[in-house]
Structures are given as C-alpha cells and as structure tokens.
**Q** 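Here's a structure for you.
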Amino acid sequence: MSLTVKRPRGTADMLPSDAYKWHYLEDQIRATAREFGFLETRFPTFEHTELFLRAVGDTTDVVQKEMYTFTDKGDRSITLRPEGTASVVRSYLENSMYAGGLPVKVYYLAPNFRYEKPQAGRLREHHQFGVEYFGSYGASADAEVIMLLHRLLGRLGIRDIELRINSIGCPACRPGYQSALRQYFESKEDRLCGTCHDRLKLNPMRILDCKNASCGEIAGGAPRTIDHLCPECEEHMRKLTGYLDAVGISFSIDSGIVRGLDYYTRTVFEFVTTTIGAQGTVCGGGRYDSLIEELGGQPTGGLGFGCGLERLLMVMETQGIEIERPPQCDVFVAGLGDDVDIPVQKLVHELRLLGLAAERDTLGRSLKVQMKYADKIGARYCVVIGDAEIQIGSAVVKNMTARTESEPIPLDAPSIAAEIK
RNA sequence: GUGGGUAUAGCUCAGUAGGUUAGAGCACCAGAUUGUGGAUCUGGGGGUCGUCGGUUCGAGCCCGAUUAUCCACCCCA
C-alpha cells in the first residue's frame with residue numbers, strides 16, 4: 001500500500017462505526033469530572049521543548065528518547081506534547097489561574113505523542129483523560145483524585161483492576177532514603193544488569209523498576225521508600241489510606257511504583273489490569289508539590305493523573321462490556337417514483353427541523369433497496385411516499401423494529417414526528 | 001534500541017508434495033413476475049498473493065533483503 005494512504009506507524013484511525021464508543025467514554029468522563037468539580041481545560045498540541053525538559057526531567061526516558069521534537073521555521077525548538085501535566089502547569093502559570101483563588105481543578109482530554117515501538121496498548125499517538133488539582137497539600141486532595149478515577153472505572157463497568165499506591169517521599173526524606181538505597185545496591189553491584197549500574201549513579205530508585213530477573217530479586221529486598229518517610233510524609237500517607245478505607249476503595253501498597261516522570265513527590269499511584277497484555281497500567285499519577293515552583297510559580301502543591309483512553313477501551317472490550325450504539329437514523333423517507341422526489345426532500349427537511357435524524361435515498365434506488373438500506377443504517381421508522389400518498393395526503397409510518405404499521409396519518413412532518421414519539 | 005511471529009479480495013482466513021485461468025465465508029452490487037427491510041436462493045464485480053531480488057523448466061509456497069503489522073523487553077497511558 002502506498003505511503004499516501006498509509007497511516008504513520010503507531011497511529012490509529014477512529015472509524016465512524018466506532019465513534020459512539022468514544023462519545024460514550026467521553027460522556028462518562030465529563031459527567032464524572034463534573035461531579036467532582038473539575039472544569040475542562042484545553043491547550044496546544046505542541047509546546048516549547050524547554051518546557052518538557054524542565055517539567056518532565058531531562059534524564060527521563062520520555063524526554064531522552066521518546067519526544068517528537070523539531071525546529072520550526074522561526075528556528076524554535078518545538079515538541080509534540082508527550083504528556084499533559086507540563087502543559088497544564090504552563091497554562092496555569094501563563095494565565096495566572098491561581099488569581100481566581102485556590103484550589104484550581106481542571107481536566108483535559110488530549111492526544112499525547114511519544115516515539116515508541118508500538119505493541120499491544122501502546123501507540124505513538126494516544127489519548128489521555130487527565131486531571132490536575134492545584135493548590136492543596138492535603139491528603140484529602142489525593143483521595144479525591146483517586147476517588148474520581150475509581151468512580152469513573154466503576155461507572156464504566158470495569159472489573160479486575162487494581163489500585164496500587166506508594167509514597168516516594170519529599171525533598172526532606174528522599175536524600176536519606178536514596179543513600180540507604182545506594183548503600184544497599186552497592187553491596188550487590190556485581191549482580192546488577194548494565195542499565196542498573198548507570199541507574200545506581202543517576203537515580204537508584206529506577207532500579208526498583210527493573211524487570212531483569214537478577215535485579216528484580218535484589219530489588220525485592222531493597223529498602224522501601226515507605227519505610228524511610230519523614231514524619232510529614234508518613235502522616236500524609238496515613239491520612240490518604242484512611243480516606244480510602246473510609247470510602248471503601250481497596251488498594252495495595254506497592255513499593256515498586258516509582259514512575260518515570262521526575263516531578264512526582266509523596267503519593268504515586270496506578271490502576272493496573274492484567275487483561276489487556278503487558279501494558280496493563282490504565283491510569284497513573286501522583287503528587288508533584290515542587291513542580292509549579294520549579295517552573296517559576298509560587299510554591300503550590302499539586303497532583304494529577306493521566307488515564308489512557310485506548311487502554312480503557314481495550315479493557316472494556318476484553319471484559320465484554322457492551323456500549324450501546326445510539327440510533328443513527330430516526331426515520332427513513334423512502335420515495336417511489338420521480339414525481340415524489342421534491343416532496344420527499346421537503347419532508348426530510350421538515351422532520352430534521354423538528355429534531356429528528358431523517359434520511360432519504362440520493363442514489364436513485366428502487367423501493368426494495370431503499371428499505372434494505374433503511375434497515376442497514378438502523379432506521380427506527382420508515383415512511384414510504386408514492387403518488388398514492390401524495391394524492392390522498394396521508395401515509396403509514398412503519399416501525400422497523402416492531403415490524404408494525406400505523407394507521408394512515410396526515411402526510412406532514414408534525415404528524416409523522418408525533419407518531420414517532 | 002533489542003528479540004520473536006505474521007504478510008493471499010474491503011474484513012476473517014484456506015491454498016494440500018513448488019505444476020494450467022488463486023479459493024471460501026462475510027461485506028458490497030444486481031436479480032428471484034416491476035409499491036416495501038432483516039431469511040433463503042441465483043448471478044456479479046473485486047486480488048500485480050506487501051515490495052525488490054535470488055533458486056528453479058516453473059514460486060502464493062523455497063532463500064535473501066526491505067517495508068508494514070502483531071507480540072514481548074525497555075518505558076509508559
């Protein structure tokens with residue numbers, strides 16, 4: 001197939017026949033966000049590269065090897081957004097959203113771009129539902145954000161998805177933990193893989209994530225962040241788990257959750273499933289209390305998450321969760337003969353003005369084929385108009401699902417609309 | 001970036017030991033006494049067998065390369 005009709009690697013077309021699934025998902029998301037008091041925000045698809053270097057961290061995989069970066073005609077370095085939080089924080093600062101008072105609670109639905117090797121549940125362009133909660137240091141904000149996700153997953157009917165949380169500490173307790181960690185790994189350095197040797201110097205916490213068998217075994221016995229928290233971080237975690245217990249959200253503490261974006265502090269969490277292959281993280285997020293300050297704002301607490309919509313739909317699909325396909329056509333007006341062409345057009349127009357999805361044939365097809373077509377597009381009702389109907393000024397409305405016909409009713413849009421309702 | 005699988009009609013796939021004009025189901029189109037849908041039946045259109053090269057008298061089938069795709073590692077949603 002020639003390149004002109006081939007989509008780029010790692011991208012996906014949303015087909016018209018699947019659009020209703022996305023609409024459903026987005027409707028559920030918007031309804032949930034509304035219940036939890038989040039307003040939608042939108043922002044550009046690309047940003048200055050500098051933003052992601054600063055916000056995401058220039059040693060992360062996302063920045064080092066996965067960004068779509070190019071120089072524009074004005075000689076600026078531009079990057080297609082690899083994740084949402086950096087853009088939202090930038091927009092928050094640039095537009096002084098804090099000026100309206102804190103907290104600021106926003107959500108977004110947006111595509112992200114990462115130069116990855118595609119596999120199940122992983123694309124180069126994927127879509128995320130994300131939430132950012134600015135201005136609160138309280139653990140109740142953490143609880144709220146997790147509750148929102150829990151609620152969304154619940155109303156989508158998703159089962160067998162596990163909430164895992166961890167605390168990776170704050171600038172106060174992290175140095176102590178990192179030195180304990182480094183000390184532990186250095187004692188077993190000869191058994192670590194090559195990548196982890198580098199990680200030991202750069203960021204030993206990454207070793208906890210390593211899937212190498214030997215490293216994993218070593219990491220299993222490593223000191224855990226939650227055992228080295230400062231009293232404040234400990235209290236934060238205790239409060240969060242208290243909230244979750246109180247509202248009946250089950251979770252597990254997973255000291256292996258470190259997350260690959262540098263800005264996280266204290267709470268990190270993931271919703272993970274094993275039903276869609278190896279890429280089972282459907283949602284991931286956490287707290288980032290230093291990020292806003294690092295990008296030039298006042299010290300402001302914050303947290304958020306990203307939730308992969310493609311993965312969400314995959315989970316629903318594999319769990320057999322049906323999304324109802326809304327009717328595409330309320331009434332099909334079938335015409336019989338050239339003489340009724342104008343009346344058919346007029347009737348369809350008037351039915352639409354009354355808010356109905358009305359359809360007619362424009363290919364000059366026979367009545368039988370028009371009926372088949374009406375059936376194929378799922379028309380709920382059908383009206384056949386021929387010379388006879390025009391002459392006597394009435395027609396019958398056929399209920400396509402019940403296979404019944406009405407008594408003859410006046411051949412005008414209001415009467416037909418009334419019959420349908 | 002590393003590894004493995006796959007590539008035949010719009011879709012899902014057959015294709016037997018290399019051997020005539022490459023098949024099926026679904027979908028699409030047209031019919032089955034011309035004013036009526038989902039079933040059935042009949043017929044039809046549609047494929048340079050991913051691409052390039054090689055082996056062979058002969059390649060959809062064997063070999064090499066390349067591209068695409070799927071899956072896994074890494075990392076992430």
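Letters go in sequence order (proteins before strands), and every chain restarts at 1. Since the structure is predicted, the reported quantities are computational estimates derived from the model, not experimental observations.
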**Q** So A/E83, base contact, sugar-phosphate only, or nothing? Heavy-atom distance under 4.0 Å.
**A** nothing

**Q** Please confirm whether any donor atom in the side chain of A/K372 sits under 3.5 Å from an acceptor in the base of B/U36, or the reverse.
**A**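 Result: no qualifying N/O pair found.
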
**Q** Give me the distance, rounded to whole Å, that separates B/G31 from B/U36 when you measure between the P atoms they each carry.
**A** 13 Å

**Q** Can a side chain N or O of A/Q119 be found less than 4.0 Å away from OP1 or OP2 on B/C70?
**A**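 It does not, given that no N or O in the side chain of A/Q119 lies less than 4.0 Å from OP1 or OP2 of B/C70.
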
**Q** Answer yes or no: does atom CZ of A/R76 have more than 12 heavy-atom neighbours from other residues, nucleotides or ligands under 6.0 Å?
**A** no

**Q** When rounded to the nearest Å, what value does the distance between P atoms of B/G4 and B/G44 take?
**A**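 Comparing P positions in B/G4 and B/G44 gives a spacing of 46 Å.
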
**Q** Kindly determine whether A/S77 and A/E50 satisfy side-chain hydrogen bond (donor to acceptor under 3.5 Å, both in side chains), including the steps that lead there.
**A** CA-CA 8 Å; A/S77 181; A/E50 177 70 12; over 6 Å; no

**Q** Ring of A/F113, cation from A/R81 - is the NZ or CZ under 6.0 Å from the centre and inside 45° of the axis?
**A**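 Judged by the rule (NZ or CZ under 6.0 Å from the ring centre, within 45° of its axis), A/R81 is not positioned above A/F113.
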
**Q** Could you tell me the Watson-Crick or G-U partner of B/A32, where both distances fall under 3.5 Å? Say none if there is no partner.
**A** B/U40

**Q** How far does the P atom of B/G53 sit from the matching atom of B/U69, given to the nearest Å?
**A**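 So the two P atoms sit 23 Å from each other.
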
**Q** Mark yes or no: A/R365 above the aromatic ring of A/Y373, with NZ or CZ under 6.0 Å from the six-membered ring centre and no more than 45 degrees from the axis.
**A** yes

**Q** Using the P atom as the point on both nucleotides, what is the distance between B/A14 and B/G25, in whole Å?
**A** 16 Å

**Q** Which value, in whole Å, describes the distance between the C1' atoms of nucleotides B/A39 and B/C52?
**A**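 Comparing C1' positions in B/A39 and B/C52 gives a spacing of 49 Å.
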
**Q** Please report the distance separating the P of B/A65 from the corresponding atom of B/U2, rounded so that it comes out in whole Å.
**A**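 Nearest-Å result for B/A65 against B/U2 at atom P: 15 Å.
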
**Q** Distance check, C1' atoms only: B/C29 and B/C70, in whole angstrom units.
**A** 34 Å

**Q** Just the rounded figure in Å: distance from C1' of B/U67 to NZ of A/K6.
**A** 10 Å

**Q** Just the rounded figure in Å: distance from P of B/G1 to CZ of A/R122.
**A** 13 Å

**Q** Tell me yes or no: between the side chains of A/E294 and A/Y288, is some donor less than 3.5 Å from an acceptor?
**A** no

**Q** How far does the C1' atom of B/A72 sit from the matching atom of B/C11, given to the nearest Å?
**A**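 Roughly 27 Å separates the two C1' atoms.
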
**Q** Check every atom of B/C75, B/G35, B/U36 against the side chain of A/E66 and return the nucleotide holding the closest atom.
**A**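 Of the candidates, B/C75 comes closest.
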
**Q** Which base, if any, makes a Watson-Crick or G-U wobble pair with B/A9, both distances under 3.5 Å?
**A**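 B/A9 is paired with nothing.
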
